[in-house]
Amino acid sequence: MKINGKEIELILPMTLGDLVAGSGYCEDRVAVELNGRIVPRSEYANVSLDNGDSVEIVGFVGGG
Amino acid sequence: MIPSEEEFDKALCIRHGPEVHGKVKNATVGIAGLGGLGSNIAAMLTRAGVSHLVIADFDRVDISNINRQNYYLRQIGSVKVEATEELLKAINPYMTIDGHDVRLTPSNIPEIFKGCDIVCEAFDVASEKAMLINTILEKCPGTKIVSGSGLAGYGRSNEIKTKKLLEDLYMCGDDTDMKGVKGGLMSPRVNVCAGHVANMVISLLMKEEP
């Protein structure tokens with residue numbers, strides 16, 4: 001599957017929540033698009049990933 | 001002497017050209033947070049001719065803000081929304097400003113920003129940035145967001161970039177958390193980032209990508 005534009009082979013089954021946490025992100029500081037559609041944060045734990053998926057994870061940092 | 005609305009409009013139209021001026025003037029832009037980023041973005045967009053702004057912040061002007069935020073000593077203690085409104089009206093007395101002196105939450109964000117073409121995310125805390133962006137992307141489809149993330153310290157001007165990260169999300173900054181960055185938050189670099197955000201807003205109004 002594609003994560004932020006890079007091809008990565010996932011060990012399935014894996015949820016979007018697992019991927020976000022496993023990639024070093026803090027769930028309350030990200031926005032995630034799955035196959036071009038925004039995923040509500042409450043859904044991360046319920047979304048199962050597939051090797052054909054494309055995920056974009058955006059992390060935010062403090063200061064403004 | 002303050003120029004008439006017609007004189008003001010004509011001056012901007014001559015400066016920017018009728019096509020750019022028309023699109024910029026007729027847009028509605030939201031600014032969430034009126035700190036270092038938001039207060040300066042608001043002033044830049046107003047000077048550029050954006051004539052309809054929706055601004056929101058729950059805070060008051062503090063002495064610790066003066067090093068980077070677009071406020072003056074006489075405004076210490078004022079509600080930030082009102083202080084910003086006063087300064088913007090001194091640049092363009094004919095613009096409309098929809099000010100909200102509230103803490104933004106998932107329940108009030110869609111209602112406050114529903115008429116905006118673009119919303120600038122200018123919060124301080126990372127989790128609040130994520131909350132605002134997720135709420136708008138989920139609840140206000142078609143609204144574009146320009147976010148400022150990573151602008152602390154001094155120097156390294158060229159590390160601040162504008163990128164399109166999601167279908168409706170653009171991010172300006174160096175992606176580095178302020179914790180541990182020498183100098184904390186300082187006016188020049190905050191304004192480099194605020195300039196990126198305001199510049200991306202104008203580009204999007206002209207239907208141009210970064």
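Every chain is numbered from 1, with letters handed out A, B, ... down the list of sequences. In this text, all values refer to a predicted model and were calculated from it rather than measured experimentally.
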How about [atom1] on [X], more than 12 heavy atoms from neighbouring residues, nucleotides or ligands closer than 6.0 Å, or not?
| X | atom1 | result |
| --- | --- | --- |
| B/Y94 | OH | yes |
| B/K114 | NZ | no |
| B/E19 | CD | no |
| B/I63 | CD1 | no |
| B/R156 | CZ | yes |
| B/K89 | NZ | yes |
| B/E111 | CD | no |

Item to check | Top contributor to chain B contacts, counting heavy-atom pairs under 4.5 Å, from A/R29, A/R37, A/E27 | outcome: A/R29
Checklist outcome for this item: Applying a strict 4.5 Å limit to non-hydrogen atoms, the region of B/L151 in contact with chain A is side chain
Checklist entry - Where does B/L166 contact chain A at under 4.5 Å (heavy atoms): side chain, backbone, both or neither? => result both
Next on the checklist: Quick check on A/V30 against chain B: is it the side chain, the backbone, both or neither that has a heavy atom closer than 4.5 Å?
Outcome noted: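 Backbone of A/V30 only, per the 4.5 Å heavy-atom cut-off to chain B.
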Next on the checklist: Whether the side chain of B/D177 engages the backbone of A/G62 through a donor-acceptor N/O pair (distance < 3.5 Å, no angle test) should be reported.
Outcome noted: yes
Item to check | Side-chain donor or acceptor of B/E167 paired with backbone N/O of A/G36 under 3.5 Å | outcome: no
Check whether any side-chain heavy atom of [X] lies under 4.5 Å from a side-chain heavy atom of [Y], and answer yes or no.
| X | Y | result |
| --- | --- | --- |
| B/T176 | A/V61 | no |
| A/R41 | B/M131 | yes |
| B/M171 | A/F60 | yes |

Checklist entry - Counting heavy-atom pairs under 4.5 Å to chain A, which of B/G38, B/S127, B/G36 comes out on top? => result B/S127
Next on the checklist: Shorter than 4.5 Å, heavy atoms on both sides: which option in B/V125, B/D175, B/V181 has the most such pairs with chain A?
Outcome noted: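 The residue among B/V125, B/D175, B/V181 with the greatest pair count is B/D175.
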Nearest 0.5 Å, please: how far is [atom2] in [Y] from [atom1] in [X]?
| X | Y | atom1 | atom2 | value |
| --- | --- | --- | --- | --- |
| B/I136 | A/I38 | CD1 | CD1 | 11.5 Å |
| A/E33 | B/L165 | CD | CG | 9.5 Å |
| B/K129 | A/D28 | NZ | CG | 13.5 Å |

Checklist entry - Where is the tightest heavy-atom contact between A/G63 and B/M178, given as atom of each residue plus distance? => result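 Scanning both residues completely, I find the closest heavy atoms to be CA-SD, 3.7 Å.
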